[in-house]
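Provided herewith is a single structure, encoded as structure tokens, for subsequent inquiry.
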Amino acid sequence: MERSLILLKPDCVQRRLIGKIISRFEEKAINIIAMKLIQVTPELAKQHYHEHVEKPFYPGLESFITGAPVVAMVLEGLDVIHVVREMLGATSGLKASPGTIRGDFSSSRQMNLVHASDGADAAAREIGLYFNENEVCSYQPTLTPWLKADDE
Ligand code: CMP
């Protein structure tokens, strides 16, 4: 089992798309094991996007991500990091394929609705930025026998 840190970004919250996007993850039978609405501070933004802080687009990215609350979630599932990034589509909503979340709902590179960790190290680091251990509630879904074979 793998875990990934997901943010429903300020554009997602402001556009009232929280429910629709969470439904996509639920319909895929991915487990939500932590979730909260929070206001990202400039300090947290710099920690989260540390690899982008020196890039020309960072000031705009920081004012966007701190401009309204985000919904932070931890998702758990088999290969969930890769699966969720495939569900999101390309970074820019203009390039993301139809059928992906960004392809269906976004027409922007910056306002691309959802962030998802891009690897196992990033996931561990980002989950630690947004959640304490005791806020993560891993559980066995009762539907598991109808979602995958025992040896998957
Ligand atoms: P995200 O997956 O959250 O990771 C970094 C974010 O920076 C990315 O989504 C975009 O919202 C934003 N981003 C990446 N590249 C650019 C760019 N060239 N111009 C503006 N924003 C960008």
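Every number for a ligand or one of its atoms is a count from 1 in the order of the listing.
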Side-chain donor/acceptor of T144 to backbone N/O of Q140, under 3.5 Å | no
Of all protein heavy atoms, the one nearest atom 7 (O) of ligand 1 is L61 CD2, 3.5 Å
The atoms of ligand 1 lying under 4.0 Å from a heavy atom of H115, numbered in the order shown, are 1 (P), 2 (O), 3 (O)
The answer for which part of H52 has a heavy atom under 4.0 Å from ligand 1 is side chain
I'd like to know if the side chain of T66 pairs up with that of E62 as donor and acceptor (distance under 3.5 Å, no hydrogens or angles considered). no
ask   = ligand 1 and R85, any nitrogen or oxygen pair closer than 3.5 angstrom?
value = no
*Considering distance alone, does some N or O of K9 sit under 3.5 Å from an N or O of ligand 1?*
yes
In this structure, atom 21 (N) of ligand 1 is nearest to the protein heavy atom F57 CD1, 3.6 Å
For ligand 1, which is the ligand I care about here, please tell me if Q110 has any N or O atom under 3.5 Å from one of the ligand's N or O atoms. yes
Under 4.0 Å between heavy atoms, the region of F64 that gets near ligand 1 turns out to be neither
Is the cationic atom of K36 (NZ for Lys, CZ for Arg) positioned less than 6.0 Å from the six-membered ring centroid of F131 and within 45 degrees of its normal? yes
Side-chain polar contacts of residues 118-125 - donor-acceptor pairs under 3.5 angstrom, sequence neighbours left out - could you list them?
from : atom 1 : to  : atom 2 : distance (Å)
R125 : NH1    : Q47 : O      : 3.0
R125 : NH2    : H48 : O      : 3.0
R125 : NH2    : H50 : NE2    : 3.4

Atom 19 (N) of ligand 1: closest protein heavy atom, distance to 0.1 Å, is R109 NE, 3.3 Å
Next item on the list: For the pair R3 (side chain) and I127 (backbone), establish whether a donor and an acceptor sit closer than 3.5 Å, ignoring hydrogens and angles.
Entry: no
Check your understanding: Less than 4.5 Å apart, any side-chain heavy atom of H115 and any of L5?
Key -> yes
What side-chain donor-acceptor pairs closer than 3.5 Å can you find for residues 83-98, not counting sequence neighbours?
from : atom 1 : to   : atom 2 : distance (Å)
R85  : NH1    : A116 : O      : 2.9
S92  : OG     : L94  : N      : 3.1

- Message: What I want to find out is whether D104 reaches K20 closely enough, with some N-O distance under 4.0 Å, to be called a salt bridge.
- Response: no
the protein heavy atom lying closest to atom 5 (C) of ligand 1 turns out to be Y49 CE2, 3.4 Å
Under 4.0 Å between heavy atoms, the region of R102 that gets near ligand 1 turns out to be side chain
Ranking V114, N112, L7 by closest non-hydrogen atom to atom 8 (C) of ligand 1, top hit is N112
